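In this text the structure is predicted, and so the values were computed from the model without any measurement.
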Amino acid sequence: MQDANFKYHLQLHFIVFIWGFTAILGELISLSALPLVWSRILIALSLIFVYIKFRKISLKFTPKLMLAFIVSGFVIALHWFTFFHAIKISNISITLACISTGAFFTSILEPIFFKRKIVWYEVLLGILVVFGLGIIFSVETEYISGILVALFSAFLSASFSIINGKFAGKYDSNAISFFELLGGLLFLTACMFFVGGFTPEVFHFEKFDWLWLLILGTVCTAYPFIASINIMKYLSPYTCMLTINLEPIYGILLAVIIFKDQEKMTPAFYLGALIILSTVLLNAFFKNRKKRKDI
């Protein structure tokens, strides 16, 4: 069982590294956030549909359950939109640092959804997150809009993690992914018509946009989306969200390497980000100590 848990932890870290690279692609792709995410979901949904047909995976669920999957797809679509929009109006470092507050939101939402007691160290980690965030707010005032959008995106990410935590142990992850992405595509399609529809101006692709979109929709969406839902059968939503907090580390490092001066921030920003990201190590420490006491 311990080896199996290690395997799923390792797979989750690989997925998180891939997700860290999505921020880089978001900066590279010239499309605005809405058509970018719409294209991402369309590519991923098409790939998953082909895989489901090839593996002959059943998509038969009750109408009520299908509706629940589709509605949860609205949440992930809105999360992705706000994530890429935050990048467009601020930068990768700001967005990823704020996204890591998802663990704080999860620590509040998980006890409500799963009817368990609030754990004291999760509250402590949440306070640390707020403290680190306060430092970022105080020094990066020119990015306030981006910070607020990224925080909302983090809340949506935590909500989606909780929702999928309830689905993952009962149903096939491929089928869940299909209906959730279908729901996300329907939601964003409706949104597209409110901002002018599917016009050449909205979908104006520059030289390498299609290549980046294909990588985003396949490697960075279809595979990790299915795999992450499957992992939730074995790891708790809070553990998943704390591990996902490593996404900013990977993303910020990649951003500094690739975009150089464009992504360099003040020392105070990195202090705030470090405080937030330290919750990952502290969570691992507390959970490991608790397991030893339970043995």
If hydrophobic clusters are built by linking Ile, Leu, Val, Met, Phe, Trp and Tyr wherever their side-chain heavy atoms come under 4.5 Å apart, do [X] and [Y] end up in the same one?
{"X": "Ile163", "Y": "Leu186", "value": "yes"}
{"X": "Phe269", "Y": "Ile257", "value": "no"}
{"X": "Leu253", "Y": "Leu274", "value": "no"}
{"X": "Leu216", "Y": "Tyr51", "value": "yes"}
{"X": "Leu25", "Y": "Ile89", "value": "no"}

Give, for atom [atom1] of [X] and atom [atom2] of [Y], the distance between the pair rounded to the nearest 0.5 Å.
{"X": "Trp38", "Y": "Leu42", "atom1": "CH2", "atom2": "CG", "value": "4.5 Å"}
{"X": "Ser39", "Y": "Phe203", "atom1": "OG", "atom2": "CZ", "value": "4.5 Å"}
{"X": "Tyr270", "Y": "Ile252", "atom1": "OH", "atom2": "CD1", "value": "7.0 Å"}
{"X": "Ile76", "Y": "Ser161", "atom1": "CD1", "atom2": "OG", "value": "9.5 Å"}
{"X": "Ile231", "Y": "Leu12", "atom1": "CD1", "atom2": "CG", "value": "5.0 Å"}
{"X": "Phe179", "Y": "Leu67", "atom1": "CZ", "atom2": "CG", "value": "11.0 Å"}

Could you tell me whether the side chain of [Y] reaches within less than 4.5 Å of the side chain of [X], counting heavy atoms only?
{"X": "Ser90", "Y": "Ile147", "answer": "no"}
{"X": "His79", "Y": "Phe74", "answer": "no"}
{"X": "Leu28", "Y": "Phe208", "answer": "no"}
{"X": "Trp80", "Y": "Thr221", "answer": "yes"}
{"X": "Tyr143", "Y": "Ile136", "answer": "no"}
{"X": "Ile41", "Y": "Leu188", "answer": "yes"}
{"X": "Ser58", "Y": "Asp172", "answer": "no"}
{"X": "Ile215", "Y": "Leu211", "answer": "yes"}

Minimum heavy-atom separation for [X] and [Y], please, with both atom names.
{"X": "Cys220", "Y": "Ile18", "answer": "CA-CG2, 3.4 Å"}
{"X": "Gly184", "Y": "Ala77", "answer": "CA-CB, 3.6 Å"}
{"X": "Ile92", "Y": "Ile87", "answer": "CG1-CG2, 4.1 Å"}
{"X": "Asn91", "Y": "Ile94", "answer": "OD1-N, 2.9 Å"}
{"X": "Cys98", "Y": "Ala150", "answer": "CB-CB, 3.5 Å"}
{"X": "Phe178", "Y": "Leu45", "answer": "O-CD1, 3.4 Å"}

May I ask you to check whether over 12 heavy atoms, not counting those of [X], lie within 6.0 Å of atom [atom1]?
{"X": "Phe49", "atom1": "CZ", "value": "no"}
{"X": "Phe17", "atom1": "CZ", "value": "no"}
{"X": "Phe155", "atom1": "CZ", "value": "no"}
{"X": "Phe198", "atom1": "CZ", "value": "yes"}

Backbone N/O of [Y] and side chain of [X]: donor-acceptor pair under 3.5 Å:
{"X": "Asp209", "Y": "Ser30", "answer": "yes"}
{"X": "Ser153", "Y": "Val149", "answer": "no"}
{"X": "Thr22", "Y": "Trp19", "answer": "yes"}
{"X": "Thr189", "Y": "Leu185", "answer": "yes"}
{"X": "Lys88", "Y": "Glu27", "answer": "no"}

Residues Tyr250, His13; criterion side-chain contact (heavy atoms from CB on, under 4.5 Å); working and verdict: CA-CA 10 Å; Tyr250 300 139; His13 278 277; 4.0 Å; yes
Run the numbers on Val195 and Val202 for side-chain contact (heavy atoms from CB on, under 4.5 Å), then give the verdict. CA-CA 9 Å; Val195 296; Val202 173; 5.8 Å; no
Do the ring planes of Phe81 and His85 sit parallel (below 30°), tilted (30 to 60°) or perpendicular (above 60°)?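 Phe81 and His85: parallel rings.
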From CA spacing to verdict: side-chain contact (heavy atoms from CB on, under 4.5 Å), Trp210, Ile29: CA-CA 8 Å; Trp210 272 114; Ile29 297 169; over 6 Å; no
Apply the test side-chain contact (heavy atoms from CB on, under 4.5 Å) to residues Ser72 and Phe167: give CA-CA distance (whole Å), side-chain angles for both, the deciding distance (0.1 Å), then the verdict. CA-CA 10 Å; Ser72 68; Phe167 289 150; 4.1 Å; yes
